[in-house]
Amino acid sequence: MTAEYVPPRVERVDQVGVEARAAAFTKRSIKKESKEQALRLVLSMMDLTTLEGMDTPGRVRELCRKARRPLVDEDLAVAAVCVYPPLVPSARVELAGSGVHIAAVATYFPSGQATLAERLDEVRRTVDAGADEIDMVIRRGDFLAGAYGKVFDEVAATKEACGPAHLKVILETGELVTYDNVRLASRIAIDAGADFIKTSTGKVQPAATLPVTLVMLEEIRDTFRRSGKVIGMKPAGGIRTSKQALAYLVMVKETLGDHWLHPDRFRFGASALLDDVLLQLLKLREGRYQSVRDLPLG
Amino acid sequence: MATTPRTLLFGDLWSYAPAPESKDILRLKPRYGHYIDGSFVEEGQVFTSSNPATEEVIAEVFAADEALIDRAVKAARRAYEKVWSVMPPSHRARYLYRIARLLQEHARELAVLESVDGGKPIKESRDVDVPLAAAHFFYYAGWADKLPYAFPGQAPRPLGVAGQIIPWNFPLLMLAWKIAPALAAGNTVVLKSAETTPLSAFRFAEILEEAGLPAGVVNIVSGAGATGAAIVRHPDVDKVAFTGSTAVGKAIQREIAGSRKRLTLELGGKGANIVFDDAPMEQAIEGVIAGIYFNQGHVCCAGSRLFLQESIHDDFVARLRDRVATLRVGDPLDKNTDIGAINSRQQLEKIRALVQSGVDEGATLYQPACTLPPKGYFHAPTFFTGVAPSHRIAQEEIFGPVLSILTFRTPEEAVERANRTPYGLSAGVWTDKGSRLLYMAQRLQAGVVWGNSFNRFDPTSPFGGVKESGFGREGGRQGLLPYLEVS
């Protein structure tokens with residue numbers, strides 16, 4: 001039995017200040033070639049997601065085809081397709097050889113309300129089924145009760161259960177409420193072995209916001225400064241427009257530097273964002289906006 | 001892409017394309033005469049106003065001499081007696097509201113003009129200078145017909161003719177700070193714009209015409225020190241309001257000593273930004289950036305001395321270095337520019353000389369790798385570590401993007417060090433502990449103490465200095481008082 005994990009002190013966060021800083025990133029003007037480059041980057045960083053009770057193998061296959069090649073005439077793919085564990089096999093068939101990762105939301109997403117054994121078992125089964133990225137969710141109840149050691153242990157155990165798969169730890173920041181909590185939860189997840197930290201399940205409002213993401217990026221930055229360890233970031237939920245996504249890229253660039261502008265280190269969890277990015281790319285190419293009806297369904 | 005561990009890479013893997021705000025919206029005349037008694041008077045010695053980012057001449061203006069100032073003061077006196085002081089206060093409010101709305105309508109043009117004439121980034125003229133100027137007129141419009149409620153039982157009455165002299169760092173905003181409360185209180189105005197940034201004041205004069213403000217209520221003249229001196233000396237000026245350097249402020253004070261003239265001065269500063277070890281660190285970094293690099297550091301209340309608790313010094317400086325590396329210096333009209341052009345060659349030379357003194361006296365200089373435009377007056381964002389309180393860069397107002405970093409060990413020591421300056425305009429305190437914030441605010445000798453923020457302005461909040469940073473307040477209910485007689 002190892003000693004219980006005691007989280008170290010993390011930097012305090014001033015709400016007014018962090019929100020003002022986040023708002024400043026939206027003031028950057030991204031035009032022309034830098035916009036086009038950014039849109040392609042956003043596309044390559046996307047975890048194209050469907051997490052609905054209505055999801056069927058057929059629907060997931062459609063999504064995967066669009067993920068592999070969203071622009072008919074260009075060899076450009078999204079980073080990953082993100083689905084519930086039972087749909088991993090369908091995605092696996094469709095994405096074989098494409099380089100598009102398969103992410104699955106394991107650990108009894110989105111509530112996380114199951115025993116540790118059950119949650120770990122689901123992770124192992126999902127990895128065995130072919131997922132190479134696992135999006136887990138921490139138990140907010142444990143965190144809010146101050147049982148930080150328990151949160152740490154569960155993330156660490158999940159990381160172990162992941163084996164070779166990458167682990168993204170969802171903090172569900174909408175339920176942590178304060179920025180101080182977000183900062184602390186980020187630190188615990190990173191200490192416990194997260195490869196990525198992620199804002200939200202998308203099932204709780206508010207989901208990803210710029211200031212919450214900024215707080216998490218700052219913890220990632222402190223980790224890097226302290227140890228050289230590179231942790232990835234994934235805002236998820238509520239990012240629907242290219243304009244929003246560009247503000248996130250600006251924030252990443254000016255907080256962590258250009259090294260983080262890479263799908264290995266930054267992802268967008270989104271479903272509606274893809275179509276808007278495609279519309280914007282087509283507009284830059286053809287000088288006029290298309291209707292979303294002109295885009296193929298995915 | 002390779003990166004050495006622990007060094008953040010602020011490269012240009014993805015760079016922002018130029019995003020210049022268009023100058024097409026400007027409708028500048030080749031020359032601007034003084035605005036006296038409702039018409040533009042092209043008299044006096046000609047001088048030019050140029051764009052500090054390109055060194056190109058934008059327009060010609062004229063230096064007003066004593067005779068012109070006399071005409072302006074007489075016009076203001078006439079308008080005071082015949083029109084403005086006898087007008088129902090609610091009608092005065094109507095004019096002020098109209099001016100405020102017109103400032104908003106012309107916001108984009110005014111923002112471009114401020115950036116072209118003064119070198120400030122369009123981001124700031126667009127989001128700070130112009131909206132705040134309009135907000136000041138809206139705010140004081142509200143007071144115009146409620147003065148008895150602002151000073152109950154004190155029978156507030158206007159003073160007469162106010163002579164106002166504004167600096168070059170926030171031309172339109174300082175004009176608003178001066179003119180709005182003066183008019184709301186029922187006074188008329190003779191205002192001198194700054195020598196290097198006269199144009200927005202004349203564009204403002206055109207807006208006054210559009211608003212139908214009666215002739216002579218506001219008179220605007222341009223010129224240098226001699227013009228200002230003529231306003232200060234004029235026997236029929238009832239009140240002098242000056243924003244600028246401490247040296248000139250002292251000269252004004254001497255000049256009008258013993259006269260009936262009322263005086264408010266808003267002078268220099270050497271603001272202390274004090275960061276404790278429990279501060280919200282990332283936001284404190286932002287506060288330091290806003291404190292010293294806002295408007296190229298051409299801010300009288302700039303947080304130009306940074307006091308760090310010794311235990312966090314190294315960590316904080318490392319963070320600051322990363323943050324400064326992301327600042328974008330260049331074309332003021334580019335929407336992504338964070339630091340624009342230094343206002344004038346003269347100012348640039350002064351900044352360079354003080355930076356050199358810092359190096360000579362043994363402080364350690366840091367400037368990020370950034371390429372400055374080949375033309376125009378630009379200065380890289382700069383900070384010094386290892387600064388001793390006796391260094392010139394720790395004592396003199398630099399008025400540029402140059403920060404001096406010092407340390408302290410205890411709250412008492414922070415107070416003592418921060419107060420050890422002739423100035424007393426602003427201070428900032430960064431701590432998570434509310435009780436400490438109050439402790440510091442009570443002891444810091446400064447007109448403004450910001451808690452976990454810096455360089456935040458609002459028309460409802462009084463602003464001004466203590467000690468050699470001046471006296472009198474601008475903004476808020478308190479900002480009316482310098483323009484009123486109360487019993």
Side-chain angles (χ1 to χ4, degrees), chain A residues 9-25 27-42 179-180 183 211 214-215 217-230 246 249-262 264-265, chain B residues 1-21 121-124 126-127 276-290 312 315-316 318-319 321-323 325-328 333-338 430-433 450-454 456:
Chain A
R9 209 203 80 165
V10 293
E11 295 300 346
R12 295 160 178 84
V13 185
D14 180 73
Q15 182 194 334
V16 175
V18 76
E19 288 173 0
R21 176 66 178 144
F25 294 118
K27 299 286 177 75
R28 290 292 193 212
S29 178
I30 306 299
K31 302 278 182 230
K32 298 179 187 139
E33 62 271 21
S34 52
K35 183 172 181 184
E36 176 155 12
Q37 195 190 349
L39 289 172
R40 280 170 207 281
L41 201 53
V42 170
Y179 294 117
D180 286 316
R183 186 96 197 210
L214 178 58
V215 169
L217 290 174
E218 286 169 345
E219 188 55 42
I220 290 171
R221 182 165 65 182
D222 274 1
T223 300
F224 180 70
R225 284 194 181 120
R226 194 170 54 242
S227 65
K229 196 156 84 174
V230 173
L246 295 189
L249 284 195
V250 167
M251 182 163 74
V252 171
K253 176 182 170 68
E254 296 192 23
T255 306
L256 282 161
D258 288 31
H259 186 59
W260 259 263
L261 294 175
H262 190 282
D264 286 351
R265 294 173 276 283
Chain B
M1 188 177 49
T3 175
T4 43
R6 302 181 199 207
T7 306
L8 294 170
L9 182 103
F10 294 105
D12 47 10
L13 190 71
W14 172 50
S15 53
Y16 306 151
E21 179 74 46
I122 186 74
K123 180 175 87 171
E124 288 171 10
R126 179 194 66 198
D127 296 345
F276 285 96
D277 62 356
D278 67 337
M281 226 41 88
E282 313 282 4
Q283 288 74 50
I285 291 281
E286 291 312 313
V288 170
I289 296 286
I312 59 164
D315 178 61
F316 197 89
R319 288 167 191 271
R321 200 175 288 136
D322 278 340
R323 179 65 178 89
T326 66
L327 291 173
R328 304 168 66 85
L333 283 180
D334 193 310
K335 291 171 206 154
N336 293 325
T337 292
D338 298 314
W430 297 84
T431 173
D432 212 32
K433 197 165 173 169
W450 280 291
N452 292 330
S453 65
F454 210 94
R456 301 292 287 258

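Below, chains carry the letters A, B, ... as their sequence lines are ordered, and counting in each starts from 1.
The side-chain heavy atoms of B:Q283 and A:R12, taken from C-beta on, include no pair separated by under 4.5 Å. Between A:D14 and B:E282, the closest side-chain pair of non-hydrogen atoms is not below 4.5 Å. Counting only heavy atoms from C-beta outward, the side chains of B:M281 and B:I312 approach each other to under 4.5 Å.
Of the atoms belonging to A:D180, not a single heavy atom falls under 4.5 Å from chain B. For B:D278, the parts sitting under 4.5 Å from any heavy atom of chain A are the backbone and the side chain alike. In this structure, chain A has a heavy atom under 4.5 Å from the side chain of B:R323, while its backbone stays farther away. Within the 4.5 angstrom heavy-atom criterion, only side-chain atoms of A:R21, from C-beta onward, approach chain B. When heavy atoms are compared at a cutoff of 4.5 Å, A:R221 approaches chain B solely by way of its side chain, counted from C-beta outward. For chain B, the nearby part of A:R183 is the side chain; its heavy atoms alone come within less than 4.5 Å. Both the backbone and the side chain of A:E254 come within less than 4.5 Å of a heavy atom of chain B. If you measure heavy-atom distances from B:S453 to chain A, you find no contacts under 4.5 Å at all.
When the shell of 6.0 Å around NZ of A:K229 is examined, it contains more than 12 heavy atoms from other residues, nucleotides or ligands.
In terms of heavy-atom pairs under 4.5 angstrom with chain B, the leader among A:S34, A:A20, A:G257 is A:S34. Contact tally against chain B (heavy-atom pairs below 4.5 Å) for A:Q37, A:R28, A:E11: the top residue is A:R28. Listed options B:N452, B:D432, B:T326 were ranked by heavy-atom pairs under 4.5 angstrom with chain A; first place goes to B:D432. Heavy-atom pairs under 4.5 Å with chain B peak, among A:L261, A:V18, A:V16, A:V215, at A:V18. For the options A:K27, A:H262, A:K253, A:K31, heavy-atom pairs under 4.5 Å to chain B are most numerous at A:K253. Between chain B and the residues A:R9, A:E218, A:E33, the most heavy-atom pairs under 4.5 angstrom are made by A:E218. The choice from A:T223, A:V230, A:L41, A:T255 that makes the most heavy-atom pairs within less than 4.5 Å of chain B is A:T255.
Contacts of B:R456 classified as side chain to side chain donor-acceptor pair (under 3.5 Å), with partners at least two apart in sequence or in another chain: none. Residues meeting the side chain to side chain contact (heavy atoms under 4.5 Å, CB included) test with A:A38, sequence neighbours left out: A:L246, A:L249, B:W14.
Between A:K32 and A:E36, no side-chain nitrogen of the basic residue sits less than 4.0 Å from a carboxylate oxygen of the acidic one, so the salt-bridge criterion is not met.
The backbone N or O of B:A19 lies less than 3.5 Å from a partner atom in the side chain of B:D334, making a donor-acceptor pair. A side-chain donor-acceptor contact under 3.5 Å links A:D258 to the backbone of B:L13.
Checked against a 6.0 Å centroid threshold, the rings of B:F316 and B:W430 do not count as neighbours.
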